[in-house]
J.: 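This is the structure I want to talk about, given as structure tokens.
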Amino acid sequence: MERTPITTNTRPNQPTSPEAGYKEPTLEMTAEENEAAVWLETDKATRHFINENYVVPSLNKTGEWLDKTRNIKATATKKALLLDYREGRTQDKIARLKAKMEGLDHNSGRYRRLSRKIGNNAIKLGDIRYRSGNLRSSIENRADVRERINSWREAEAYIQRQLLLVAKKVRHEQEERQKLKKDIAKATSPGEREERKAVYEARCKEPISVFREKLIKEVVRNADKLRVERKRTATLLAGATEEASADTETPMESLEEHAEREFQEFVDDLGTKANQAFINEMDNQGDVLGQYEKQLEFNEYLEEQLVQASTPEEKARWQRALDENDKKMDALKRVMDRAYDTIDANRMEDEAHVQNDMMDALDSQQ
Amino acid sequence: MTGLSRQFLTEIGVDMDDATLQAFNEHFDDTLHHRIIDRVIHTVDKQQLYQLTELRQAESDQAWQWLQANVPNLGDIVHEEVDATLADIVRNSDHL
């Protein structure tokens, strides 16, 4: 059995009432928000409080939720059944009219009136069959479009992974540069100091922003490949929409335009938006990284004090201080990791938004 | 830990053994909680966030009381996140 995580769509797209004070999530979380979120998430009492008071009562209503969902899904089936019923009724009517015509003089007025009625009903029957066929072909096309959407999702997941990798590479590069900088201070002779300085300068010749841009460009190139696939699917959707438009009263023209615009905006933004989100994250990272470095320096100081401590009491005191500092450093590391996860989550949110709109567009065809 | 009933999963066409159900529900619980907290954090203003950070630094265990006092629409948030998570599960039920 194939296992897929729930987290395919990480953010909800349902509206929340403005009165409820809902603020549209921004692309990036600040370091403070990240820290607070990590803390709240790991706090057992908070989790228990939320679960007992809100989650459990909500989950007790999953039956009602399912019924509501089923009603929406049943609409398409009901519509198809209604068309079947109307087709059968029109066929019966034509049969009855034909029966009435039997034995009549072809030149009589009654015969001509019945003939005209049969003609009108035949046109109606053709129309019903045409609409019924469109509805079914639209349902079949939905499956095809869904398949293609899944293929985007794979491609987008790949790009998201690449973005994450970029963030990690940049972080690694920053850490390496910091290490080289510290090595200069630890040099034991002027010659060694000059040598280490040269290594550091060679490494930092290219600013970190340029280093990052180069990596981002590579990701954007891959995003272009995705753009081609999205266009193909948009064409397919347009075809499905055109076929179904004769059948439903939905303004298909605007629906198609809407879907197309959503694709285009998403694809066009893929490079720049991802880049901006990434830059914002890295700015936050810069602050956190600064704090982390300070803690690291403090750690070195504490270690020195521990070595120099002469009594067991002193040693224990410095060891406690070291342990505390370790905890702080771990927390900062978690904040940094969480920031990278945020990039990934935001990409997923964008993807989910476009995908949900697509699904809504397809559903409304029925 | 909260979780989905076997009956709900059966109704959406998902069948799993007990061990898988337990792992799935743990994942569901974590995912849901993560989404709720993210929404809460995005809902509060800077001053409230500051208060929260202060609580954290004081190593207070009263975070849930702060939530109760500062996030009056917590029920709506949880309800919406539960709905959204259920929708995700139903949408992906073919792959479960």
J.: Between A/A37 and B/I37, what is the shortest heavy-atom contact and its length?
T.: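 Here A/A37 and B/I37 meet closest at O-CG2, 3.7 Å.
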
J.: Taking all non-hydrogen atoms of both residues, which atom of A/L59 and which atom of B/G3 are closest, and how far apart?
T.: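 Looking at all heavy atoms of both residues, the closest pair is CD1-O, 3.5 Å.
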
J.: If you apply the rule side chain to side chain contact (heavy atoms under 4.5 Å, CB included), what do you find for A/W39 with B/L55, and how did you get there?
T.: CA-CA 10 Å; A/W39 179 54; B/L55 269 180; 3.8 Å; yes

J.: List the steps, then state whether side chain to side chain contact (heavy atoms under 4.5 Å, CB included) holds for A/N53 with B/W64.
T.: CA-CA 11 Å; A/N53 291 284; B/W64 65 274; over 6 Å; no

J.: Restricting to salt bridge (charged side-chain N to carboxylate O under 4.0 Å, His left out), what partner residues turn up for A/R47, sequence neighbours left out?
T.: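 With sequence neighbours excluded, A/R47 shows a salt bridge (charged side-chain N to carboxylate O under 4.0 Å, His left out) to B/D29, B/D30, given in chain and number order.
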
J.: Under a 4.5 Å heavy-atom cut-off, does chain A meet the side chain of B/L67, its backbone, both or neither?
T.: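 The answer is the side chain of B/L67.
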
J.: Go through the steps for B/L52 and A/L40 under the test side chain to side chain contact (heavy atoms under 4.5 Å, CB included), then give the verdict.
T.: CA-CA 9 Å; B/L52 189 60; A/L40 277 182; 3.9 Å; yes

J.: Are B/Q68 and A/F49 close enough that some pair of their side-chain heavy atoms sits under 4.5 Å apart?
T.: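 They are in contact (side-chain heavy atoms under 4.5 Å apart), so the answer is yes.
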
J.: Whether the A/E41 and B/H33 side chains hold a donor-acceptor pair (N or O, under 3.5 Å, no angle test) is what I'd like checked.
T.: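 Checked: A/E41/B/H33 side chains show no N/O donor-acceptor pair below 3.5 Å.
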
J.: Going through the distances and angles, do B/I36 and A/V55 end up as a side chain to side chain contact (heavy atoms under 4.5 Å, CB included)?
T.: CA-CA 10 Å; B/I36 292 167; A/V55 176; 4.1 Å; yes

J.: Given a strict heavy-atom distance threshold of 4.5 Å, which part of A/Y54 is in contact with chain B: side chain, backbone, both, or neither?
T.: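 It is both, since atoms from each part get that close.
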
